[in-house]
Structure formats: C-alpha cells, structure tokens
Enquirer: 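Structure provided below as structure tokens; questions to follow.
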Amino acid sequence: MPNVTLSGHIEVPSEDLNAVLAELPNHITLTQQEAGCNAFTVVRDSNNPQHFDVYEEFTDKAAFEKHQARVKASHWGEITKNVEWFYTVAEA
C-alpha cells in the first residue's frame, strides 16, 4: 500500500491564534503517537505568525483516514474550525 502525504499550510485567524498555539504541542504529540504516522510537522512562519506549514505522512490511506477522523472529533478540531486549510494529499 502506498504512503499518504499531506503538505501545505494553514492560516489561523488572529482571534484564534492563542488557542491554536496553546493546543498545538498536544496535537503534534498525539498525532506522532498514532499508529501509521511516519512524520508530522507543523512549523510557524517567522515572517507571518498566522501561517503554519504542515507536513503529514502516513503508512497508508486507512491510517490517514483514521487520523482525520480523530482530529475532527478532538479539541484541536474544535479550536481550528475557523482555520483556512491549503494543502494537497498524495499517495506514493
């Protein structure tokens, strides 16, 4: 089965930035501990504090979809409901 990668960025509204920054370390830790997660990084842009580059890699589509479902039902999913997502998903 091919790996699934997601790459791109998110734009966080200024009114949500503090909540996102507070929860981000927990979100990263939980994701990196998921079965099938090969890589997961979120890096804040030093020139634009509301812009975060995101890279995710999972062993297969099932692991990626399980991650997506967990995120939607999590505290992270709640506090990022106003975030704009710009990314592509690829299988390789």
Side-chain angles (χ1 to χ4, degrees):
M1 290 188 175
N3 282 347
V4 175
T5 60
L6 177 151
S7 60
H9 73 276
I10 61 173
E11 295 288 337
V12 180
S14 58
E15 62 271 13
D16 296 331
L17 190 56
N18 287 337
V20 167
L21 288 172
E23 184 59 20
L24 183 57
N26 185 51
H27 174 59
I28 291 171
T29 298
L30 290 173
T31 300
Q32 290 175 339
Q33 292 173 350
E34 289 179 21
C37 179
N38 291 337
F40 184 81
T41 60
V42 181
V43 179
R44 190 177 189 188
D45 187 310
S46 60
N47 295 318
N48 179 353
Q50 292 172 253
H51 178 108
F52 295 78
D53 291 315
V54 179
Y55 179 80
E56 306 177 8
E57 182 181 307
F58 290 86
T59 55
D60 56 32
K61 190 172 182 177
F64 177 74
E65 289 175 352
K66 187 173 181 181
H67 164 71
Q68 293 296 311
R70 183 194 64 79
V71 167
K72 286 180 185 176
S74 72
H75 181 58
W76 177 257
E78 174 68 25
I79 65 168
T80 59
K81 64 183 176 216
N82 298 320
V83 167
E84 290 185 79
W85 306 85
F86 304 90
Y87 61 82
T88 58
V89 176
E91 292 184 43

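From a predicted model like this one, the values you see are computed outputs, not experimental measurements.
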Enquirer: Under the 3.5 angstrom rule, does the side chain of Q32 hit a backbone N or O of F40 as a donor-acceptor pair?
Expert: yes
Enquirer: So which of N3, L6, T31, N38 actually passes side chain to side chain contact (heavy atoms under 4.5 Å, CB included) with F58?
Expert: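 Looking at N3, L6, T31, N38, the match for F58 under the side chain to side chain contact (heavy atoms under 4.5 Å, CB included) is T31.
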Enquirer: Show, in sequence, the C-alpha distance, side-chain angles and deciding distance for I79 and D16, and conclude whether the side-chain contact (heavy atoms from CB on, under 4.5 Å) test is met.
Expert: CA-CA 7 Å; I79 65 168; D16 296 331; over 6 Å; no
Enquirer: A side-chain contact here means heavy atoms from C-beta on lying under 4.5 Å apart; do V83 and P13 qualify?
Expert: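 Yes, close enough: below the 4.5 Å cut-off.
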Enquirer: Determine whether E56 and Q68 make a side-chain contact, defined as any pair of heavy atoms from C-beta on separated by less than 4.5 Å.
Expert: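 Counting from C-beta outward, E56 and Q68 do come under 4.5 Å.
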Enquirer: Decide yes or no on side-chain contact (heavy atoms from CB on, under 4.5 Å) for F52 and L24, but give the supporting numbers first.
Expert: CA-CA 11 Å; F52 295 78; L24 183 57; 4.1 Å; yes
Enquirer: Compare every heavy atom of A63 with every heavy atom of G36, then report the nearest pair and how far apart it is.
Expert: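 Between these two residues, the closest heavy atoms are CA-CB, 3.9 Å.
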Enquirer: Do the side chains of N48 and E11 get nearer than 4.5 Å, heavy atoms only?
Expert: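 When only atoms from C-beta onward are counted, N48 and E11 do touch, with a gap below 4.5 Å.
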Enquirer: Does one hydrophobic cluster hold both V54 and I28, with members joined at side-chain heavy-atom distances below 4.5 Å?
Expert: yes
Enquirer: Quick one: pull up NZ in K72 and CD in E78 and give me the separation to the nearest 0.5 Å.
Expert: 14.5 Å
Enquirer: Can you name the nearest heavy-atom pair linking P25 to L21, along with the distance?
Expert: CD-O, 3.3 Å
Enquirer: State, to 0.1 Å, how close T5 and E57 come at their nearest heavy-atom pair, and which atoms those are.
Expert: CG2-CG, 3.7 Å
Enquirer: Between the side chains of K66 and E34, is the shortest nitrogen-to-carboxylate-oxygen separation below 4.0 Å, so that they form an ion pair?
Expert: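 No.
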Enquirer: Tell me whether Y55 is reachable from V20 by hopping between hydrophobic residues (I, L, V, M, F, W, Y) whose side-chain heavy atoms are closer than 4.5 Å.
Expert: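 V20 and Y55: separate clusters.
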Enquirer: For residues F86 and V43: do they belong to one hydrophobic cluster (side chain heavy atoms under 4.5 Å, members Ile, Leu, Val, Met, Phe, Trp, Tyr)?
Expert: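 No, it is not one cluster - the side chains of F86 and V43 are not joined through contacts under 4.5 Å.
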Enquirer: Examine F64 and Y87 and state if one hydrophobic cluster contains both, with Ile, Leu, Val, Met, Phe, Trp and Tyr joined whenever side-chain heavy atoms are less than 4.5 Å apart.
Expert: yes
Enquirer: How far does OG1 of T80 sit from CD of E23, to the nearest 0.5 angstrom?
Expert: 9.5 Å
Enquirer: Quick one: are N26 and W76 in side-chain contact, heavy atoms under 4.5 Å?
Expert: no
Enquirer: For R44 and L17, which heavy atoms make the closest approach, and how far apart are they?
Expert: NH2-CD2, 3.5 Å
Enquirer: Could you go through D45 and H9, starting from their C-alpha distance and side-chain angles, then the distance that decides it, and tell me whether this counts as side-chain contact (heavy atoms from CB on, under 4.5 Å)?
Expert: CA-CA 10 Å; D45 187 310; H9 73 276; over 6 Å; no
